[in-house]
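Input: a single structure, listed below in C-alpha cells.
In each ligand, atom 1 is the first atom listed, and ligand 1 is the first ligand listed.
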Amino acid sequence: MDTLTDKFGRQITYLRLAVTDRCNLRCQYCMPAHGIDIVDRKELLTYKEMYRITRVLSELGVNKVRLTGGEPFVRKDFVGFLEMLSFNDKLDEINITTNGALIAKHISKLEALKIGTINLSIDSLSSENFAKITRRDVFDEVYKTLEALEKSKLKLKLNTVVQSGVNTHEIIDFIELTKHKNLAVRFIEEMPFNGVGQRATKEVWNYTKILDLIQSQYKDITPLRSDKSSTSRNFEIPNYKGSFGIIPAFTRTICNDCNRIRITSTGLFKNCLFDDGVFNVRDFIRQGASNEDLKQLFLSIVKEKPKNGFIAEANRKNNNNVSESMSTIGG
Ligand code: SAM
Ligand code: SF4
C-alpha cells in the first residue's frame with residue numbers, strides 16, 4: 001500500500017476535517033464580535049465530497065479523523081454524516097471537537113456510532129467569564145453537556161485556551177475538576193488565529209508558564225506516557241480521577257512527530273496549521289478528478305510538508321501574517 005510519508009519520514013495517519021466555517025459562538029480568541037465572512041454554501045465541501053476525500057486518504061494510511069469547524073453541529077445533518085463516515089472500515093477512530101452547546105440531544109446517538117473522543121471547548125467555569133469569552137450566554141448548556149459526556153461511554157477531553165488576564169486565574173479550578181471527573185483537561189497556548197492577528201497581552205502564557213503555575217500548587221504531579229504524535233504533554237495528580245495536559249500550540253515544540261494534515265471546509269489542503277493552504281481539493285474534485293488522481297495528488301503534496309510550523313509560517317505566500325480565524329482553518 002502507498003502511504004503518505006513526507007520527506008522527513010513522518011507518516012500521515014490523522015486528518016482534521018472542518019465540516020463548516022459557521023459557528024454559534026464568537027470566542028474572542030477565534031473571531032471578531034461580528035463573526036467572520038462566511039463563504040457561500042456552495043463553496044463548502046458537500047458531505048459526499050468529504051466522505052470521498054476521507055475514503056481516499058484512509059486507503060493511504062489515514063486511520064484517524066477529527067471533525068471540527070466552525071462548530072460541526074451547526075451544519076445540517078452532521079449526525080447523518082457521522083453515520084456515513086462510520087461505514088468507512090479503514091478508520092479506527094472518529095473524534096469531534098465541539099463547543100458543546102448543541103449536542104446534548106445527540107449524545108446517545110454518538111455513543112452508538114464509532115465516535116471515540118469528544119474534545120469539548122470550555123475556557124471558563126464561571127458563567128459570567130464564559131459569556132465574556134464566547135460573547136454568548138450558553139454556559140449552562142455547555143456545562144450540562146460536559147457532565148453528560150463524562151457519564152457517557154465517550155472519552156472526554158476539555159480544550160481550554162489559556163488567555164492572559166482572562167482565565168489564567170481559573171487554571172487551578174480546571175485542575176480541580178479532574179479530581180472527581182474522568183476527563184482530561186488540556187490547556188492550549190493561545191495562537192493569533194482570531195481573524196485579526198496577535199492580541200496585545202501583558203504576559204505570555206506559554207507551556208512553561210502554565211506548567212510552573214500548576215507545579216507551584218501541586219508538588220507531586222507525574223508525567224504520563226503519551227503517543228509520540230500527541231499534541232499535548234500529559235500529567236496526572238495522585239488520586240485524581242482525570243488528568244491534565246498542555247498543548248504547546250504556539251511554541252511549536254511538537255512538530256518533529258507531527259502525523260497530521262488538515263482540510264478546511266472549502267476543501268483547502270493544509271500540511272500545517274501555520275501554512276496558508278497548498279491545494280484546493282474541492283476544485284480538483286469538481287473538475288472531474290478520479291480517486292486515483294486524488295491519491296497521486298495527496299501522495300505528492302504531503303512530500304511538501306514543511307519541517308515545522310516556523311518554516312510553514314515563513315513560507316506563506318505574500319508573506320501575510322497568520323491571522324485567519326481558527327473557525328476558517330478548522331482547529
Ligand atoms: N467550534 C468548535 C470548538 O470550539 O470546539 C470546533 C472548532 S474550534 C476552531 C477548535 C479548537 O480551536 C477549539 O478548542 C478552540 O478553543 C481552539 N482555538 C480557536 N482559536 C484559537 C486560538 N486563537 N488559539 C488557540 N486555540 C484556538
Ligand atoms: Fe466557534 Fe469554536 Fe471558534 Fe469558539 S473556538 S468561535 S466555538 S469555532
Side-chain angles (χ1 to χ4, degrees), residues 16-39 65-75 78 95-103 106 117-124 129-139 141-142 145-146 149 156-164 166-168 170 174 183-201 204-207 210 231-232 245-252 254 260 262-265 270 273-274 309 313 321-331:
R16 293 204 179 185
L17 177 63
V19 302
T20 182
D21 60 347
R22 275 92 166 144
C23 190
N24 50 333
L25 307 189
R26 293 286 178 273
C27 304
Q28 305 242 11
Y29 53 79
C30 181
M31 57 175 73
H34 55 82
I36 55 165
D37 295 334
I38 54 170
V39 300
V65 177
R66 169 167 300 285
L67 300 163
T68 179
E71 172 50 39
F73 286 88
V74 302
R75 183 143 180 190
F78 174 60
N95 302 324
I96 306 169
T97 303
T98 173
N99 62 39
L102 304 170
I103 82 165
H106 299 299
T117 306
I118 302 286
N119 284 19
L120 179 72
S121 302
I122 177 164
D123 308 302
S124 172
N129 204 21
F130 182 95
K132 234 190 269 167
I133 295 168
T134 61
R135 304 186 179 103
R136 294 290 184 272
D137 187 13
V138 291
F139 176 78
E141 283 92 321
V142 174
T145 298
L146 185 159
L149 285 171
L156 176 61
K157 294 183 181 176
L158 305 186
N159 282 4
T160 302
V161 178
V162 176
Q163 302 149 66
S164 177
V166 176
N167 64 352
T168 42
E170 295 194 53
F174 273 103
L183 50 82
V185 183
R186 291 112 43 80
F187 299 105
I188 307 176
E189 289 177 349
E190 182 174 348
M191 298 177 283
F193 296 120
N194 51 33
V196 185
Q198 192 89 49
R199 296 203 283 173
T201 49
V204 177
W205 277 82
N206 59 15
Y207 177 93
I210 299 166
T231 47
S232 57
I246 308 175
I247 303 184
F250 196 49
T251 46
R252 286 165 259 186
I254 42 184
R260 281 161 258 274
R262 289 167 197 267
I263 297 195
T264 71
S265 58
K270 286 170 76 83
L273 178 59
F274 289 86
E313 189 175 354
N321 290 330
V322 282
S323 65
E324 65 264 56
S325 163
M326 223 27 187
S327 183
T328 314
I329 303 172

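When atom types are taken as modelled, the side chain of D21 and the backbone of I38 share no donor-acceptor pair closer than 3.5 angstrom. For the pair E189 (side chain) and T251 (backbone), a donor-acceptor distance under 3.5 Å is present. N24 contributes no side-chain N or O that, together with a main-chain N or O of A101, makes up a donor-acceptor pair within less than 3.5 Å. Under the 3.5 Å distance criterion, the side-chain polar atoms of N129 are matched with a main-chain donor or acceptor of V166. Judged by distance alone, with hydrogens and angles left aside, the side-chain atoms of N167 form a donor-acceptor pair with the main-chain N or O of V161 at under 3.5 Å. A donor-acceptor pair is defined here as one N or O able to donate and one able to accept, closer than 3.5 Å; such a pair exists between the side chain of R66 and the backbone of I96. Not a single donor-acceptor pair under 3.5 Å links the side chain of E141 to the backbone N or O of L102. The closest donor-acceptor contact from the side chain of Q28 to the backbone of K132 lies under 3.5 Å.
With L158 as reference, L120 is the one residue of I118, L120, N119 to meet the side chain to side chain contact (heavy atoms under 4.5 Å, CB included) rule.
For G69, the closest heavy-atom approach to ligand 1 falls below 4.0 Å. Residue contact check for ligand 1: S325 places no non-hydrogen atom closer than 4.0 Å to it. Taking a 4.0 Å cut-off on heavy atoms, T97 registers as neighbouring ligand 1.
Interface of E190 with ligand 1, defined as ligand atoms under 4.0 Å from a residue heavy atom, comprises 24 (N). For ligand 1 and G70, the ligand atoms under 4.0 Å from any heavy atom of the residue are 1 (N), 2 (C), 6 (C), 7 (C). Those atoms of ligand 1 that come under 4.0 Å of a heavy atom in E189, given as number and element, are 25 (C). Listed by number with element, the atoms of ligand 1 under 4.0 Å from a non-hydrogen atom of T68 are 6 (C), 7 (C), 10 (C). Taking a cut-off of under 4.0 Å to the non-hydrogen atoms of N99, the atoms of ligand 1 that pass are 2 (C), 3 (C), 5 (O).
At a heavy-atom cutoff of 4.0 Å, ligand 1 is contacted by no atom of L25, backbone or side chain.
R135 and M31 get closest at one heavy-atom pair: NH1-O, 2.9 Å.
Heavy-atom proximity to atom 5 (O) of ligand 1, evaluated over S121, G100, C30, is greatest for S121. Which of M191, E71, K157 comes nearest to atom 24 (N) of ligand 1 through a heavy atom is settled by distance: it is M191.
At the shortest separation from atom 18 (N) of ligand 1 among protein heavy atoms lies M326 CG, 3.5 Å. The protein heavy-atom contact nearest to atom 21 (C) of ligand 1 is Y29 CD1, 3.5 Å. Among protein heavy atoms, the minimum distance from atom 26 (N) of ligand 1 is reached at V161 CG2, 3.5 Å.
A parallel orientation is assigned to the rings of F73 and H106, their planes being inclined by less than 30° (bins at 30° and 60°).
Listed by chain and number, the protein atoms of type N/O/S under 2.8 Å from atom 4 (Fe) of ligand 2 are C27 SG; waters are omitted.
With F250 as the aromatic partner, R252 meets the cation-pi criteria of under 6.0 angstrom to the ring centre and within 45 degrees of the ring axis.
To the nearest 0.5 angstrom, I188 atom CD1 is 7.0 Å from T160 atom OG1.
Ligand 1 has an N or O atom lying under 3.5 Å from an N or O atom of N159, backbone or side chain. Annotation: T98 places an N or O atom under 3.5 Å from an N or O atom of ligand 1; distance criterion only.
No side-chain donor from either of E71 and T20 sits under 3.5 Å from a side-chain acceptor of the other.
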